[in-house]
There are 2 protein chains.
Amino acid sequence: MISQKAKYALRALAALARADDRTPMLIADIAEQQKIPKKFLEQILLDLKHRGLVMSKRGKDGGYLLLKPAHEITFGEILRMIDGPIAPLPCLSQTAYRKCDDCLSEAECEIRHVFARVADVTREVLFSATIADTLHDKSRVAVMLAG
Amino acid sequence: MISQKAKYALRALAALARADDRTPMLIADIAEQQKIPKKFLEQILLDLKHRGLVMSKRGKDGGYLLLKPAHEITFGEILRMIDGPIAPLPCLSQTAYRKCDDCLSEAECEIRHVFARVADVTREVLFSATIADTLHDKSRVAVMLAG
DNA sequence: ACATAGTCTACCAAGCAGATAGAGTTTACG
DNA sequence: CGTAAACTCTATCTGCTTGGTAGACTATGT
């Protein structure tokens with residue numbers, strides 16, 4: 001299961017992507033639209049800002065804006081930021097590799113091979129899906145109905 | 001990341017699968033072989049017993065035995081037992097479905113589609129991998145070298 | 001100056017992970 | 001029998017993470 005926080009982050013980015021990309025969107029508006037506790041969302045957006053995904057403007061007419069186009073923000077990178085490694089074992093993480101304490105040798109590890117495949121397939125999905133994929137729900141439905 | 005407990009469970013089952021399937025294997029031996037804290041392993045094996053995966057014998061010459069052939073025990077079922085649902089969102093779980101509290105409607109949920117694909121591909125891997133796949137490490141290496 | 005809106009740091013309650021402790025029960029065997 | 005070997009069960013513990021809340025602070029527009 002992914003954390004609630006990661007879910008909030010993805011949905012907040014989706015909200016920003018759906019909005020006009022010139023006029024900033026208020027934290028309060030995102031929070032209300034997405035049913036996210038406002039104070040919690042503040043922290044999340046601040047974090048995303050520090051990592052360079054969004055920018056903010058203070059004071060009147062302030063708010064948040066996406067800094068990159070939605071199709072360049074992958075689910076994988078957001079999950080990695082918020083929840084940490086994608087891999088199911090520390091010894092399979094690309095970004096935070098760590099030897100398993102109790103594992104004698106990686107070559108002989110009984111379970112490593114299977115989880116390596118899990119890591120591969122989930123990375124494949126998560127890094128090809130972007131925030132842009134969250135848009136156009138209605139048109140997507142229309143396409144499905146048409147198809 | 002999967003829990004330490006799930007890792008222990010899988011490795012304990014691997015140890016049992018590798019052993020003679022007539023003479024029971026001691027908790028203490030599994031623990032030592034796999035570097036698992038013995039008292040913790042006791043709980044894990046007891047749990048696996050209650051769920052019908054292994055059987056035990058008490059007293060002298062006691063120990064644990066696999067109750068099903070190794071190729072019929074999937075990684076998926078073990079992970080589900082120990083760590084809970086495979087799906088990354090409660091609303092995508094097959095065995096413990098729960099509506100997301102904060103999600104207005106599943107049809108419109110911005111992130112559900114992507115995670116549904118994640119759930120699909122990981123289930124595919126986890127339910128086709130079995131404890132039998134953990135065996136014959138050496139022969140597997142040999143095959144790889146030969147191939 | 002004043003309202004608006006983001007920024008930052010601290011704090012907190014509940015739950016979970018990863019064990020450890022120890023008393024109890026069953027079995028084999030002499 | 002009695003005793004040692006093993007599994008069984010329940011309780012407990014420590015530290016960390018999750019999912020928030022609180023509140024003071026700072027920048028901005030008019």
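Residue numbering restarts at 1 for every chain, and letters A, B, ... go by the order of the sequence lines.
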Participant: Search all heavy atoms of Ile131(B) against all heavy atoms of Ala17(B) and return the closest pair with its distance.
Facilitator: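 Scanning both residues, the minimum pair turns out to be CG2-CB, 3.7 Å.
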Participant: Could you tell me if the side chain of Lys35(B) sits less than 4.5 Å from the side chain of Cys103(A), heavy atoms only?
Facilitator: no
Participant: Measure CD/Gln43(B) against P/dT8(D) and give the value in whole Å, please.
Facilitator: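 It is 12 Å, rounded to the nearest whole Å.
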Participant: Can you give me the first and the last nucleotide of DNA chain C (5' to 3') that has an atom within less than 4.0 angstrom of a non-hydrogen atom in chain A?
Facilitator: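 Span of nucleotides near chain A: dT4(C) to dA10(C).
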Participant: Strictly below 4.0 Å, N to O, side chains only: are Glu106(B) and Lys99(B) in salt-bridge contact?
Facilitator: no
Participant: Name all residues meeting the side chain to side chain donor-acceptor pair (under 3.5 Å) criterion together with Ser3(A); count only those two or more places apart in sequence or in a different chain, and write none if there are none.
Facilitator: Asp83(A)
Participant: Verify, without hydrogens or angle tests, whether Ser93(A) (side chain) and Pro90(A) (backbone) share a donor-acceptor contact under 3.5 angstrom.
Facilitator: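 No; judged by distance alone, with no hydrogens or angles, the pair does not exist.
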Participant: How far apart are the C-alpha atoms of Arg11(B) and Asp102(A), what are their side-chain angles, what is the distance that settles it, and do they pass the salt bridge (Lys or Arg N to Asp or Glu O under 4.0 Å) test?
Facilitator: CA-CA 11 Å; Arg11(B) 296 220 316 253; Asp102(A) 52 322; 3.0 Å; yes
Participant: What does the list of N/O pairs under 3.5 Å between the protein and nucleotides 17-19 of chain D look like, with a distance for each?
Facilitator:
{"from": "dG19(D)", "atom 1": "OP2", "to": "Gln4(A)", "atom 2": "N", "distance (Å)": "3.2"}

Participant: Transitively linked via ILVMFWY side-chain contacts under 4.5 Å: Leu126(B) with Met81(B)?
Facilitator: yes
Participant: Return each pair, listed once, that meets side chain to side chain donor-acceptor pair (under 3.5 Å) where at least one residue sits in residues 54-66 of chain B; pairs must be two or more places apart or across chains.
Facilitator: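 Of all non-adjacent pairs touching residues 54-66 of chain B, those that pass side chain to side chain donor-acceptor pair (under 3.5 Å) are Lys49(B)-Ser56(B).
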Participant: Please tabulate the protein-to-nucleotide N/O contacts below 3.5 Å involving nucleotides 1-6 of chain D, giving atom names and distances.
Facilitator:
{"from": "dA6(D)", "atom 1": "O4'", "to": "Gly59(B)", "atom 2": "O", "distance (Å)": "3.1"}

Participant: Does Arg51(A) pair with Glu77(A) as a salt bridge, N-O distance under 4.0 Å?
Facilitator: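 No, no charged N to carboxylate O under 4.0 Å.
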Participant: Are Leu135(B) and Val54(B) linked, directly or through other ILVMFWY residues, by side chains that come within less than 4.5 angstrom of each other?
Facilitator: no
Participant: Of the residues in residues 44-55 of chain B, which ones touch DNA chain D at a heavy-atom distance under 4.0 Å?
Facilitator: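 Output list: Leu46(B), Lys49(B), His50(B).
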Participant: Answer yes or no: is there an ion pair linking Arg18(B) with Glu110(A), defined by an N-O contact shorter than 4.0 Å?
Facilitator: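 The answer is yes: the pair qualifies as a salt bridge.
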Participant: Roughly, in whole Å, what's the span from CE in Met1(B) to P in dC16(D)?
Facilitator: 18 Å
Participant: So Val118(B) and Phe75(A), do their side chains get closer than 4.5 Å, heavy atoms only?
Facilitator: no
Participant: If we only count heavy atoms from C-beta on, is the Leu13(B) to Thr134(B) side-chain gap below 4.5 Å?
Facilitator: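 Result no, sub-4.5 Å side-chain heavy-atom pair not found.
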